[in-house]
Student: 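Mind having a look at this structure? Questions to follow.
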Amino acid sequence: MTVHAFTSFTYSYLDRARVLARTLRAQHPDWVIWAVLTDCEPPDYQLDWTAEPFDRMITVVDLFGDDTEAWVFGHDIVEACTAVKGRALFRIMDEPGCEKVIYFDPDIAVFNPLTPVVDLLDDNEIVLTPHQVDPESSTARRAIIDNEIAALQYGSFNLGFIAVRNSDEGRRFATWWADRLQDWCHDRLDIGVFVDQKWCNLLPCFFDGVHVLRDPGYNVASWNLSKRVLRYDTDGNALVNGRLLRFYHFTKLGPIGDAMTRRYAADNIEVHELWWWYRQQVIASHDPGVPKGWWHYGRFDNGDPIPKLARETYRSRRDLRIMFPEPRRTGGGSFHAWLRQRGMQ
Amino acid sequence: MPNALDNTSGEDVGSLHGRPDVEAELRALMALKPLETRVADWRRRHGPSTFLEPASLMRNLAATAGRRLVLCLGHDDYRSVRGGVQFCIQREEQAVRAAGDNYLNIRPAQPLPRLAHLSDAEDPAVVLTLDGEEIGICAISTLLASIESLALSGRRMPVVIHHLLGHNPEQTAALITATRSEGCLFWLHDFFSICPSFTLQRNDRAFCDAPPIRSNACTLCLYGSERKSHAARMAAFFNSHPVTLLSPSQGTLDLWRKRAGLPVRAAHVVPHVTLTVPSVTAADGSIPHTIRVAFLGTPGTHKGWPLFARLAADERLSPQYRFAVFSSTRPKAMIRHVPVAVTAQNPDAMTQALQQNGIDLVLIWPSWPETFSLTTHEAICAGCFVVTNPGAGHVAAVVERTGHGTVLQSEADLVSFLLDGRAERLVATRRALAGAERTARLSDMAAPYLDAVTPSAPVQDGVAPIMVP
């Protein structure tokens, strides 16, 4: 029985992805770990993937072929990295011997075995973790707004994690998800869509065998810290509400993450210790060859950043997609020139 | 000496509104550095003032006329650094020399916050202090060669290890081999033989009780990575020669046996100080108007300094309580400071200072189980009562055995204790004992046990060897 795990990132998140892969490898040396890269290498940079803690690597070009440039152009970095998950899941399911597939966001670190999830997939098709598993107190207005109302807006389940069985039903889900993410993986809260995540609110409606994992040791993050306490027992096990800490989601490493952690971890100093550890791990995993904020698909070929409005305009107009099949190109007759003529660049 | 506590200036050093204790912890956490960053900070360029040539070293050592040349391994300059371990080395040097032996202290020329790695330096330099006088610096290989020569000439050289911080345990084992001694004496001043975090503080903030090396707590601690090789090297050292443990308290030995997993030939409990104190009697019923509370020694987080500083700033306590710090260096806080330097030549300095300032209570609130706590003994010998917590190790044991103080369950209980009348009653009891005789007898440290590791000498006092798997 082979379990495959994958994560989706760009080179600017390579440091985090390395931490994820190393911590996952420490717990499950027998799993096959995939890197799904929605990026190209920076100039004068070459990564030796054989030295990386990943077993396999596929890129967005492997998944979308000749359509890659046009398709990616219609997505910002978050949209693009989440949109590839559907096709990547389907691709990995085609691997001989692959029985179960688990996705992790690159800013996750794993601390204890995930064997219970693997076991759950013996009797279930899909395993999801909700953003919260315990309601806030009715007097905790700020937490209700920050956490529960946010979950209503952004999705009940956090898609930094999803586990899928490679079964008929699991593949039916993968097909559907890949299909939706091709055209609808956008940050469009105005129409109730939030990248790949909000779509998964529909999973219990469309698919059988959807298991909602409410163990507080999974997917611990700032959005559920208000109801989770991290402690160490006398054997040094990290416990969340008395359950083993399986993995922590270190979302928004930096001032925003710090602020939310301070707000909801409060005097749970062990959480702050964990963040200190993670920060050091990311620093140690940093590759100085990757320029800060690098994303190949983030700029036109002359280096100009691509505005969000340009992406939204391009993806919403079929005529533009036909007229400009290479939207990142600049110069005469380019989409870049078209935008400049209209004051949009 | 004027009582430094009688004229408080009322400086505002902060308040307990909100959670300044949590804020302080977070600040400390943010300032935490990875261990190898600290190592880099500790490294310094040094031009040895006197770099001993082999012949010069040999002349120095051969000129010593004592029956034995005791080799003592420490981690810093015990003559100038004020602390418990340093005082113990000073005291031991006194006792050894009084018995007619010579005493050679060996410390790393490059102090480090961990064991030295071979990659740090293949032939590291050590500073040598012979009978209290620094004679210079040499490479460890030079020292080994001299020791080998002396051993060949029949000189007996028992080895006493006070601390291995900054040392290379493989070279320490080679030193013992060179002396031809029957192993070494090894002090448990702290738990460095178990973890580079010698007070067993996870991330310098919380007592961890040395969990398994592969546990989450260890893996996620800044010392966790180093602990793996540290433990392996300590195991190799303890297996290289018979080790006789010297533990300052039973509780320390018990914890060490539970967590270390290292073999020893024998283990002895050797308290640094033996106290004789009056039995606690009933107080006379008077309520003290002013209560004087002290913190002793270098302010350190693991010693409870942040708590003391918060109490000193608590406006609820200011009408009745007077706070002061008794230490050799002035702390960075607006709290009365009484300079005190305890040395082997002046071992009663702290006790005298506490008496002269009329201290009632000494707050000793460590976050780890203290192996001995000289300050506790100094405080009780001065007639003070000690306030501590149950996790304080030998501090709590002494307080419970003598009744000269109280063990409180938590910081919240401590604040309540100071406000609800219990402190007043305890201080009244303390003052009722004023004038009663108290004595403190310093031990001779390792001196009585040297024969156990000197060639052709029997094991001292017939204690059965304790083999720890």
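Below, chain A is the first sequence line, B the second, and so on; all start at residue 1. Any value given below was found using the heavy atoms of this structure, including those in side chains, with hydrogens, waters and symmetry copies removed.
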Student: Is B:Asn216 close to A:Leu245 at the side-chain level, that is, under 4.5 Å between some pair of heavy atoms?
Tutor: no

Student: Could you grab the distance from atom CZ of A:Arg279 to atom CG of B:Leu32, nearest 0.5 Å is fine?
Tutor: 11.0 Å

Student: Mark yes when over 12 heavy atoms from residues, nucleotides or ligands other than A:Lys227 sit less than 6.0 Å from its NZ; otherwise mark no.
Tutor: yes

Student: Is it the case that more than 12 heavy atoms not belonging to A:Arg243 sit under 6.0 Å from its CZ atom?
Tutor: no

Student: Can you name the salt bridge (Lys or Arg N to Asp or Glu O under 4.0 Å) partners of B:Glu370, sequence neighbours left out?
Tutor: none

Student: Is there side-chain contact between A:Trp275 and B:Leu29, with at least one heavy-atom pair below 4.5 Å?
Tutor: no

Student: Between A:Asp235, A:Ile283, A:Ile269, A:Leu244, which residue shows the highest count of heavy-atom pairs closer than 4.5 Å to chain B?
Tutor: A:Ile269

Student: To the nearest 0.5 Å, tell me how far A:Trp277 CH2 sits from B:Asn203 CG.
Tutor: 11.5 Å

Student: Enter the distance from B:Leu220:CG to A:Tyr232:OH here, rounded to the nearest 0.5 Å.
Tutor: 4.5 Å

Student: Side chain, backbone, both or neither: which part of B:Arg202 has an atom under 4.5 Å from a heavy atom of chain A?
Tutor: both

Student: So for atom CZ, which belongs to A:Arg262, do other residues, nucleotides or ligands contribute more than 12 heavy atoms lying within a distance under 6.0 Å?
Tutor: no

Student: When heavy-atom pairs shorter than 4.5 Å are enumerated against chain B, which of A:Ala26, A:Gly236, A:Ala266 gives the highest number?
Tutor: A:Gly236

Student: Check this for me: A:Arg263, atom CZ, are more than 12 non-hydrogen atoms of other residues, nucleotides or ligands nearer than 6.0 Å?
Tutor: yes

Student: What part of A:Glu273 lies closer than 4.5 angstrom to a heavy atom of chain B: side chain, backbone, both or neither?
Tutor: both

Student: Out of curiosity, A:Trp276 CH2 to B:Cys221 SG, how far, rounded to the nearest 0.5 Å?
Tutor: 8.0 Å

Student: State whether the number of non-hydrogen atoms from other residues, nucleotides or ligands found under 6.0 Å of A:Ile149 atom CD1 is greater than 12.
Tutor: yes

